Each structure stands twice: as C-alpha cells, then as structure tokens.
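Atoms considered below: every heavy atom in the structure, side chains included; atoms not considered: hydrogens, waters and symmetry mates. Only a predicted model underlies this, so the values are computations on that prediction, with no experimental measurement involved.
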Amino acid sequence: MSGSSLKDEISKIILDVFKANCTDKKPVRGDPVAEVKEVSYKNEQNVTNSALVVYLTFNFLKENKETVPKFINEIIKRKEKNCFVVSKRTMIHPLGKFNQKIPNNRTLTAVYDTLFEDMIYPAQIVGKRTRFSTSGKKLIKYHLNEESKAYTESRVELLSHVYNQLTQRSIAVEFKTEPCFAQVPRRKAPRAASKPQRKEKTAE
C-alpha cells in the first residue's frame, strides 16, 4: 500500500471518530493527519512485526487530546495493526540557517521527549533517569505512574522498539507510584509560661 493511500485511509478513520465523538466542536478544516509512518521491528522471538505511527497536526491533537485513545482503538480495529498517535512538531537544527535563538520546544531533546509523552498517553511520566554503560551506550529509564500499568504494561516492548526506530534512543519503562510532596505547615513553638512574680513582704 502506498503512503498516500494509507494516509487517506487513516484520515478518514480520524474524521469519522471525530464526528462521532466531538459533535460540540468546530468542524475540522483541512487534513488533520500530517504524516503516517509504518515502522517495522523484531520482537524478542525474532519475529518481524510492524506498527503505525500517525502524526496529527499540532493544533488538532492539542484540542482533541482526550479523544486519542478512541483514535487508536478505531485504527487498530480497522487496520489490524498496532498504532501510536503523536503530534507533528518542527525540529530546528543548531547548525541550520536560523538567525534567532532556537526555542526550547524546537530542540532535538524537547521534540524527542514530547514524542514519548504522546506515545504513552494517557499515562504520565513520574520519573526519568539516564544511565551510561562502560561501553558508552546511553539508556534512558522512564518511570510511569502506577495507575497506567493496567493498560500500558502490555505495550511496553512495542513502545520501546518503535521509539528506538524513530529516535535511535534506547529506553526502559518501569512503573512507580507517583510521589506526593505535601507541605506541612510549621507549628509555632508554644510560649513559655511566665513565672508568677513573688510578692514582697511588707514590714509590719
């Protein structure tokens, strides 16, 4: 299947789900799908599989973030392939012809981090660690909230393979209870009780 025909099919699926679930929103102008990639990878059993990565326009995904799980379920149902829905972001190379200071959300690190956040939605990142082995290899370990384990754990292997194909980054995913930092108000120290003053005896 050619890239254009696949993109047209995914666009139709996205629009059908949008019309069915977002009746209170303005109609979509233009094509909400910016790009569709089919990523091939090998699992632990050395079997080659493929998954779809759907890039939606930034504004469309921002306005319909809560509908992303329905987009994914419908694409998996019709195309019978695993799917990730992410936002299309522009990356500016530091050596490119850009006369101004590069915004932080256009750097390689920021784009790759937000790509991972889109791929795991609605799970949330509660921790992140970077480790370097003695051979110089870099491993990024993400900690996701424990509440997302029920619907994310089965896709961890797939997530790691696809993310590595898109960014050449090696990652590991674990689940951890989100820490809660509550500020306890300080208690004022009780005032020391004043000693009763002795009355001087008057001479009779």
(request) Check whether Leu108 and Tyr142 end up in the same hydrophobic cluster, where Ile, Leu, Val, Met, Phe, Trp and Tyr are linked by side-chain heavy atoms less than 4.5 Å apart. (result) yes
(request) Provide the closest heavy-atom pair for Ser40 versus Gln165 in the form atom of the first, atom of the second, distance. (result) O-CD, 3.7 Å
(request) State the NE2-CG distance between His161 and Leu158, to the nearest 0.5 angstrom. (result) 8.0 Å
(message) I'd like to check Lys137 versus Phe132 (side-chain heavy atoms, cut-off strictly below 4.5 Å). Are they in contact?
(response) no
(request) Before accepting this row, confirm whether a basic side-chain N of the pair Lys12/Asp31 lies closer than 4.0 Å to the acidic partner's carboxylate O. (result) no
(message) If you compare all heavy atoms of Tyr41 against all heavy atoms of Asn82, which two are closest, and at what distance to 0.1 Å?
(response) OH-ND2, 4.3 Å
(request) Taking the side chain as every heavy atom from C-beta outward, state whether Asn105 and Thr114 have any pair of such atoms under 4.5 Å apart. (result) no
(request) Report yes if some heavy atom in the side chain of Ile120 is under 4.5 Å from a heavy atom in the side chain of Leu159; otherwise report no. (result) yes
(message) For the residue pair Thr107 / Thr109, report whether a side-chain donor-acceptor contact shorter than 3.5 Å exists.
(response) no
(message) Looking at every heavy atom in both Tyr151 and Ser154, which two are closest together, and how far apart are they?
(response) O-OG, 4.5 Å
(message) Salt bridge check, Lys7 against Glu35: does any charged N sit closer than 4.0 Å to a carboxylate O?
(response) no
(request) Apply the side chain to side chain contact (heavy atoms under 4.5 Å, CB included) test between Glu74 and each candidate in Val17, Asp16, Ile14; give the one that qualifies. (result) Val17
(request) List the steps and the verdict of side chain to side chain contact (heavy atoms under 4.5 Å, CB included) for Arg106 and Val111. (result) CA-CA 6 Å; Arg106 294 290 183 265; Val111 172; 5.6 Å; no
(request) Can you see which heavy atom on Tyr121 is nearest to which on Lys65, and at what distance? (result) CE2-O, 3.1 Å
(message) Applying side chain to side chain contact (heavy atoms under 4.5 Å, CB included) to Val86 and Met119, what does each step give before you reach the verdict?
(response) CA-CA 6 Å; Val86 299; Met119 293 178 70; 3.6 Å; yes
(request) Give a yes or no on whether Leu139 and Val156 share a hydrophobic cluster (residues Ile, Leu, Val, Met, Phe, Trp, Tyr; joining criterion: side-chain heavy atoms under 4.5 Å apart). (result) no
(request) Please say whether more than 12 non-hydrogen atoms of neighbouring residues, nucleotides or ligands are located less than 6.0 Å from CD in Glu80. (result) no
(message) Taking the side chain as everything from C-beta on, heavy atoms only, tell me whether Leu144 gets closer than 4.5 Å to Gln124.
(response) no
(message) Looking at Thr152, is its backbone amide N or carbonyl O close enough to the side chain of Ser148 to form a donor-acceptor pair, meaning the two atoms are under 3.5 Å apart?
(response) no
(request) Determine whether Lys88 and Leu56 make a side-chain contact, defined as any pair of heavy atoms from C-beta on separated by less than 4.5 Å. (result) no
(request) May I ask you to check whether Phe60 and Phe18 place their ring centers less than 6.0 Å from one another? (result) yes
(request) Classify the ring geometry between Tyr163 and Phe116 as parallel (under 30°), tilted (30 to 60°) or perpendicular (over 60°). (result) perpendicular
(message) Do the side chains of Glu9 and Arg78 get close enough for a salt bridge, i.e. N-O under 4.0 angstrom?
(response) no
(request) Supply the atom-to-atom distance Ile13 CD1 to Asp8 CG, rounded to the nearest 0.5 angstrom. (result) 11.5 Å
(request) Find the distance between SG (Cys83) and CD1 (Ile10) and round it off to the nearest 0.5 Å. (result) 6.5 Å
(request) May I ask you to say whether Lys176 pairs ionically with Glu146, meaning some side-chain N is under 4.0 Å from a carboxylate O? (result) no
(request) Would you kindly confirm whether Met91 and Leu115 end up in one hydrophobic cluster when ILVMFWY residues are joined by side chain heavy atoms under 4.5 Å apart? (result) yes
(request) Find the distance between CZ (Arg29) and OG1 (Thr57) and round it off to the nearest 0.5 Å. (result) 13.5 Å
(request) Treat each ILVMFWY residue as a node, draw an edge where side-chain heavy atoms are under 4.5 Å apart, and state whether Val33 and Ile76 are in one component. (result) yes
(request) Please test Lys141 against His143 for side chain to side chain contact (heavy atoms under 4.5 Å, CB included), starting from the C-alpha separation and ending with a verdict. (result) CA-CA 7 Å; Lys141 183 176 289 186; His143 297 280; 4.1 Å; yes
(message) To check you understand the geometry: which heavy-atom pair defines the closest contact between Asn145 and Phe175, and what is its length?
(response) O-CD2, 3.8 Å
(request) Tell me, with the steps shown, if Leu61 and Val68 meet side chain to side chain contact (heavy atoms under 4.5 Å, CB included). (result) CA-CA 8 Å; Leu61 183 61; Val68 167; 3.3 Å; yes
(request) Taking all non-hydrogen atoms of both residues into account, name the closest pair between Asp118 and Ser87 and its distance. (result) OD2-N, 3.2 Å
(request) Calculate, to the nearest 0.5 Å, the distance between atoms OG and CD1 belonging to Ser160 and Ile140 respectively. (result) 11.5 Å
(request) Flag the pair Leu166 / Val39 as yes when at least one side-chain heavy-atom distance between them is below 4.5 Å, and no otherwise. (result) yes
(request) State the CD1-CG distance between Ile75 and Leu52, to the nearest 0.5 angstrom. (result) 7.5 Å
